[in-house]
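First the proteins, then the strands, lettered A, B, ... as listed; each starts at 1.
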Amino acid sequence: MPSQTLKDIIWQVVYSIPEGEVMSYGQIARLCGYPGHARYVGAVLKQLPDDSQLPWHRVINAQGRLSFPPESASFAQQKARLEAEGWRLDGSKVRRVLQSS
DNA sequence: TGTGTGACCACTG
DNA sequence: ACAGTGGCCACAC
């Protein structure tokens, strides 16, 4: 059996997402060498303790949105953390803060 | 061993 | 742009 479970690999990949960048669940699954496991990536992140140091907020879905109900506390926290790293929510879409306007 | 469950995704109209 | 649909597959029970 693997010394590293898929869960371990996912943690590593999420941890490696640099500040200022975001990645989709499916993208992470593929990077782990497990294409088709996007849902599992979400399941793993869901188990993280609140005080986790993992940058889970840099993980959004393939549509460029947050995978939480807009009124939830998790949504608010992810939104806040992303905004602190140079992103903004344009409607429900996550967009890089930039340039012109 | 079998079934239900998703912090998903790609495709379609 | 948006909603519906089917597919996905490890995991918890």
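Rounded to the nearest 0.5 angstrom, A:W87 CH2 and A:L66 CG are separated by 11.5 Å. Expressed to the nearest 0.5 Å, how far CZ of A:F75 lies from CZ of A:R65 amounts to 10.0 Å. Note that the CZ atom of A:F68 and the NZ atom of A:K79 stand 14.5 Å from one another [nearest 0.5 Å]. Rounded to the nearest 0.5 Å, atoms CD1 (A:I28) and CD (A:Q12) are 13.0 Å apart. Separation of atoms OG (A:S67) and CG (A:N61) is listed at 3.5 Å; rounding is to 0.5 Å. Rounded to the nearest 0.5 angstrom, A:W11 CH2 and A:T5 OG1 are separated by 6.5 Å.
Residues A:H37 and A:I10 are not in side-chain contact: their nearest non-hydrogen atoms beyond the backbone lie 4.5 Å or more apart. In this structure the side chain of A:R58 reaches within 4.5 angstrom of the side chain of A:E19, judged on heavy atoms. Residues A:V22 and A:E85 are not in side-chain contact: their nearest non-hydrogen atoms beyond the backbone lie 4.5 Å or more apart.
Residues of residues 10-26 of chain A having a heavy atom closer than 4.0 Å to DNA chain B, listed by number: A:S24, A:Y25, A:G26. Near DNA chain B, defined here as any heavy-atom distance below 4.0 Å, the residues from residues 65-74 of chain A are A:S67, A:F68, listed numerically.
Applying the 6.0 Å contact sphere to CZ of A:R95 captures no more than 12 heavy atoms from other residues, nucleotides or ligands. Shown here is A:Q53, whose CD atom has no more than 12 heavy atoms of other residues, nucleotides or ligands within 6.0 Å.
Across A:Q47 and A:K7, no two heavy atoms sit closer than the pair OE1-NZ, 3.5 Å. Nearest approach of A:A38 to A:A29, heavy atoms of both residues: N-CB, 3.9 Å. A pairwise comparison of heavy atoms in A:V13 and A:S16 identifies O-OG, 2.6 Å as the closest pair.
With sequence neighbours excluded, no residue satisfies salt bridge (charged side-chain N to carboxylate O under 4.0 Å, His left out) with A:E21.
Atom-to-atom, NZ of A:K7 to C1' of B:dA7 comes out at 15 Å; the value is rounded to the nearest Å. Atom CD in A:Q77 sits about 13 Å away from atom C1' in B:dA7, given to the nearest Å. Atom pair A:H57:NE2 and B:dA7:P shows a separation of 19 Å (rounding to whole Å applied). Between the P atom of C:dC11 and the CD atom of A:Q47 lies a distance of 9 Å, rounded to the nearest Å. Residue A:L45 contributes atom CG, which lies 16 Å from atom P of B:dG6 at whole-angstrom precision.
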Using the 3.5 Å cut-off, write out each protein N or O paired with an N or O of nucleotides 3-5 of chain B and the distance between them.
none

Under 3.5 Å, which N/O atoms of the protein pair with N/O atoms of nucleotides 6-10 of chain C?
from: C:dG7; atom 1: O6; to: A:R39; atom 2: NH1; distance (Å): 3.3
from: C:dC9; atom 1: O3'; to: A:H37; atom 2: NE2; distance (Å): 3.4
from: C:dA10; atom 1: OP1; to: A:H37; atom 2: NE2; distance (Å): 3.2

Report summary line: Each base of DNA chain B marked ( ) or [ ] if paired in-strand (Watson-Crick or G-U under 3.5 Å), | if paired to another strand and . if unpaired gives .|||||.||||||
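Looking at A:Q78, its side chain does come within 3.5 Å of a backbone N or O of A:V59 through a donor-acceptor pair.
Counting any heavy atom pair closer than 4.0 Å across all strands shown, A:A43 reaches no nucleic acid atom.
Of the candidates B:dA10, B:dA7, B:dC8, the closest approach to any side-chain atom of A:W56 belongs to B:dA7.
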